[in-house]
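First comes the structure, then the notes that go with it.
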Amino acid sequence: GESVGLHLPTLSVQEGDNSIINCAYSNSASDYFIWYKQESGKGPQFIIDIRSNMDKRQGQRVTVLLNKTVKHLSLQIAATQPGDSAVYFCAESIDFGNEKLTFGTGTRLTIIP
Amino acid sequence: GAGVSQSPSNKVTEKGKDVELRCDPISGHTALYWYRQSLGQGLEFLIYFQGNSAPDKSGLPSDRFSAERTGGSVSTLTIQRTQQEDSAVYLCASRTDRDRNTEAFFGQGTRLTVV
């Protein structure tokens, strides 16, 4: 079973519906943001990114929204599929010499068939 | 190879032993990161290498942890006198600096179990 400790927030969505995963970041100097998807037993995989000079970016079935005023990032997944079930992490980076990537807590998305 | 390679994929060690974890980044990537992920939790930053600059070691949890990167390529994370709380998946990632705003690519991780 799972270890005792911090458990990831979870989101369950019916297959075919849209999902929205949210992330709050803390550093107002962050300049670049990335969403990663992590399936069980694998390393995180890149989904989509956005620079701080943008507030929206679209990919295939995914959209990232950035609200710098409230330091909020969201990932929208359209027409969800069973393969979308995974843990989703947001990451932020400061683009002036120190590009350390800082990750959020993560959200576990489960697609219900 | 085309991606980030980590070895071993699994490591079981006895408490008190030293372990070395290896990361082969993507060729040409100048930035290399180590993260730790405990079961069901997020990614905890450990250390970051960028080219010839001094590494950012601010995430290393104790002086039992160290890392080096030889020749700007392969990196080794060493944990001395392992403790049970060191059990986790250790993830390595690399990133290019040709364009500063780029994603990091992750390896599959090394699952470390201290018994």
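In what follows, chains carry the letters A, B, and so on, assigned in the order in which the sequence lines appear, proteins first and then strands, with residues in each chain numbered from 1.
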*CD/B:E85: more than 12 non-hydrogen atoms of other groups inside 6.0 Å*: yes

*Give a yes or no on whether the ring-centroid distance for B:F106 and A:F89 is below 6.0 angstrom.*
no

*Looking only at heavy atoms, which two atoms of B:L43 and A:Q38 are closest? And how far apart?*
CD1-OE1, 4.4 Å

*Which portion of B:Q37 sits near chain A, non-hydrogen atoms under 4.5 angstrom*: side chain

*asked:* Are A:L65 and A:I21 connected into the same hydrophobic cluster when the rule is that any two of I, L, V, M, F, W, Y join if their side-chain heavy atoms are below 4.5 Å apart?
replied: no

*Locate the shortest heavy-atom distance separating B:L91 from A:P44; write the atom from each residue and the value.*
CD1-CD, 4.0 Å

*Around atom CG of A:N53, are there more than 12 heavy atoms of other residues, nucleotides or ligands at under 6.0 Å?*
yes

_Reported CZ-to-CZ distance for the pair B:F105 and A:F46, which is rounded to 0.5 angstrom_ = 7.5 Å

*Using non-hydrogen atoms only, which part of B:S58 is less than 4.5 Å away from chain A: side chain, backbone, both, or neither?*
side chain

*Is there a path from A:L101 to B:W34 through hydrophobic residues (I, L, V, M, F, W, Y) whose side chains come within less than 4.5 Å of each other?*
no

*Do you reckon B:F45 sits in the same ILVMFWY cluster as B:Y90, going by side-chain contacts under 4.5 Å, direct or chained?*
no

_Closest approach of B:E103 to A:Y32 (non-hydrogen atoms, all atoms of both residues)_ = N-OH, 3.2 Å

*Is B:I79 reachable from B:L60 through a run of I, L, V, M, F, W or Y residues, each pair having side-chain heavy atoms under 4.5 Å apart?*
yes

